[in-house]
Number of protein chains: 2
Amino acid sequence: MSTVERHRLIAQAVREAGTLTVAELADLTGASDMTVRRDLDQLAAQGVLERFRGGARTLLLRGDEPPFALRTHEAVDAKRRIAAEVASLITDGETVLLDSGTTCLEVARLLRGRQITVMPLSLQAIGVLGDAPEPTALLVPGGRPRAGEGALTGPLTLASLSALRFDTAVLGCCGLTAGDGMTAYDLDEAAVKKAVVTSARRVIAAADGSKLGRTAHAYVGPSSLVDILVTDATAPADETSALEDNGTTLKIV
Amino acid sequence: MSTVERHRLIAQAVREAGTLTVAELADLTGASDMTVRRDLDQLAAQGVLERFRGGARTLLLRGDEPPFALRTHEAVDAKRRIAAEVASLITDGETVLLDSGTTCLEVARLLRGRQITVMPLSLQAIGVLGDAPEPTALLVPGGRPRAGEGALTGPLTLASLSALRFDTAVLGCCGLTAGDGMTAYDLDEAAVKKAVVTSARRVIAAADGSKLGRTAHAYVGPSSLVDILVTDATAPADETSALEDNGTTLKIV
DNA sequence: CCCTAACGAACACATTGATTGTTCGAAACG
DNA sequence: CGTTTCGAACAATCAATGTGTTCGTTAGGG
């Protein structure tokens, strides 16, 4: 078992049980207690759980978004396929806005070296595209990164968005339904997504099936603002057809 | 010999000779020709030199600034000492502007975890501070990164700077003299440095001795806008005393 | 106040990834 | 058309990381 697998296993177990001891987790993972202790320290630093002497307890409430470091390793190949489709929808010469989130980060990797101008809205994507080879042009938006997520938000981000217009925006989202529209976990991020939609002529949403039919806290806008939705086959059929009725073009990979 | 040492050796040799063959460089470095070829490809990608069949020729004119990747490994311990002094001049709770350049990047490393708000003006520094532990707060300026340097410039950067005020700015520079003032190699960077000075209450310049008495192309402003200059003992004494006469406080480490 | 369990530091070991050199077939230049 | 250079592939080497063990220290409970 790799390190990240064990981290996910521990995070999930602690989240479900609420509280677990080091010994229980060592037993569960098959690793030594020292390794479990090191894992718990790392997960605590990521804000996933809280350490106490002898074990750990969860910090994530039900419905909370799992931290970025864990989401990165969930539904990996679905995200990769979705990202590949999104990248293929982008034409050379375009100016592209790239949202934060793990799926969009995967898109960023595929855009390296493409002949486009891209403005990524997360620190991670900036890192990926920061040393991209020619002819890719990078634009950095201002902003304050959300802890753990690296998603840029705030007045500087909104100002950067309002100063520019883009051919295509690639949007990630936490929830998307025909009824409740697009939603995000974080209010500031939702404000950024709203501005993104305003600044872009074409909006591509990249969301694996688990996001469809789900509703998060912060409202972004109606589903009709999504021109193209790229998702995978795990998306519920009733939801996708309802989204299609609202005017969104579907790409299921 | 490490990889970066060999790269520097090759870059310097090609720069001085103008043109060298793979065989000559393999002989010089003691590495195999395959390794030299790989090195040349990497240096060509960095814009240091131009590949041709059988060897490479320099792209750097005399007086040009060597690329970032090479400067990082020059005067390493002087930069580190200067950076340590700069970091010690910054008080907890301050808001700090951090310029681009290799010396300021070293400062960024020392600011990780400090209780400050910091806005770095280069991609590299953003990368270093992007996952800084609490209680460091990061602000990202907008901008277009200069190829190879990662220095953020342009209207978005200027807008971000004009929207904020800072307690302290840490400025790197390419040249600083009492007579010609502060100068940079790049016009856009000079414009950013001007805005930096305007947005900061206190200006600390971090420049190793080689920068003093040197004048580059783009004018930033008179030396009197530097409140504190942190440099090392290789700085020419006549220059430092002239700067001191202009009102700059000296810290020689 | 003491005892026990948990912790963290230090070391050894394994595994992984990066770097380098070699070989060989392909391509470029004269 | 021959020679030289190049690039891909493979194997060897080295560094870095992750893991487990040991042992002295510390925190908390009785």
Side-chain angles (χ1 to χ4, degrees), chain A residues 1-14 17-46 48-59 67 69-70 72-73 76 109 112-113 127-128 130-131 133-134, chain B residues 1-11 13-14 17-46 48-59 69-70 72-73 76 109 112-113 124 127-128 130-131 133:
Chain A
M1 167 161 24
S2 79
T3 308
V4 289
E5 287 178 73
R6 200 178 52 244
H7 279 202
R8 278 185 54 199
L9 185 57
I10 290 177
Q12 191 184 336
V14 171
T19 288
L20 283 175
T21 67
V22 170
E24 286 168 333
L25 286 167
D27 193 39
L28 172 72
T29 59
S32 72
D33 54 344
M34 191 63 227
T35 299
V36 170
R37 253 180 239 124
R38 279 187 274 240
D39 288 341
L40 291 181
D41 288 345
Q42 291 174 45
L43 290 168
Q46 290 171 11
V48 181
L49 44 79
E50 189 186 19
R51 244 2 269 288
F52 63 85
R53 192 173 181 82
R57 76 175 58 87
T58 184
L59 274 178
L70 294 180
T72 309
H73 304 281
V76 177
R109 297 206 176 90
R112 282 176 58 93
V128 167
D131 58 345
E134 294 280 0
Chain B
M1 167 160 28
S2 78
T3 307
V4 290
E5 287 179 75
R6 200 178 54 244
H7 280 201
R8 279 185 54 200
L9 185 58
I10 290 176
V14 171
T19 288
L20 282 175
T21 67
V22 170
E24 285 169 331
L25 287 168
D27 194 40
L28 172 71
T29 59
S32 73
D33 55 344
M34 191 62 229
T35 300
V36 169
R37 249 179 242 125
R38 279 188 275 240
D39 288 343
L40 291 181
D41 288 343
Q42 291 175 45
L43 290 168
Q46 290 170 12
V48 181
L49 44 79
E50 190 185 20
R51 256 340 288 279
F52 63 85
R53 190 173 185 81
R57 77 176 58 89
T58 184
L59 274 177
L70 294 180
T72 310
H73 303 281
V76 178
R109 296 204 176 91
R112 281 176 58 94
Q124 290 88 348
V128 166
D131 59 344

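Residue numbering restarts at 1 for every chain, and letters A, B, ... go by the order of the sequence lines. What you see is a predicted model; the values in this text were computed from it and never measured.
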- Task: Taking only the side-chain nitrogens and oxygens of T35(A), find out if one of them lies under 4.0 Å from OP1 or OP2 of dT19(D).
- Result: no
- Taking atom P of dC7(C) as reference, at what distance in whole Å does atom CG of D41(A) sit? 9 Å
- Message: If you assign each of A23(B) and R38(B) to its closest nucleotide in DNA chain D, which residue comes earlier from the 5' end?
- Response: A23(B)
- Which of dT20(C), dC6(D), dC7(C) is nearest the side chain of R53(A)? It is dC7(C)
- Item | Euclidean distance, atom CZ of residue F52(B) to atom P of dT5(D) [Å, nearest integer] | 11 Å
- Query: What integer distance in Å separates L40(B):CG from dT20(C):P?
  - Reply: 13 Å
- Message: Could you tell me how far apart D33(B) (CG) and dT3(D) (C1') are, to the nearest whole angstrom?
- Response: 15 Å
- Note on the structure: Out of dC7(C), dT20(C), dT19(D), minimum distance to the side chain of R37(A) belongs to dC7(C)
- Query: Rounded to whole angstroms, how far apart are CD on E5(A) and P on dG18(D)?
  - Reply: 15 Å
- With rounding to the nearest 0.5 Å, note down the distance linking CZ in R6(B) to CG in D39(B). 4.0 Å
- Between atom CE in M1(B) and atom C1' in dC14(D), what is the gap in whole Å? 16 Å
- Task: Check whether any side-chain nitrogen or oxygen of R6(B) sits under 4.0 Å from OP1 or OP2 of dT20(C), and answer yes or no.
- Result: yes
- Do any side-chain nitrogens or oxygens of T3(A) fall under 4.0 Å of OP1 or OP2 in dT17(D)? no
- Sort out for me which residue in L25(A), D27(A), V22(A) forms a side chain to side chain contact (heavy atoms under 4.5 Å, CB included) with D33(A). V22(A)
- Once you round to the nearest 0.5 Å, how far does CD of Q42(A) lie from CZ of R51(A)? 12.0 Å
- Which whole-number value in Å describes the distance from L20(A) CG to dA6(C) P? 14 Å
- Task: Rounded off to whole Å, could you give me the CZ-to-P distance for the R51(A) and dA6(C) pair?
- Result: 11 Å
- If you check every side-chain atom of M34(B), which of dT26(D), dG8(C), dT22(C) has the closest atom? dT22(C)
- Query: Is a salt bridge present between R37(A) and D41(A), judged by a nitrogen-to-oxygen distance below 4.0 Å?
  - Reply: no
- Task: Could you grab the distance from atom CD of E5(A) to atom CD1 of I10(A), nearest 0.5 Å is fine?
- Result: 12.0 Å
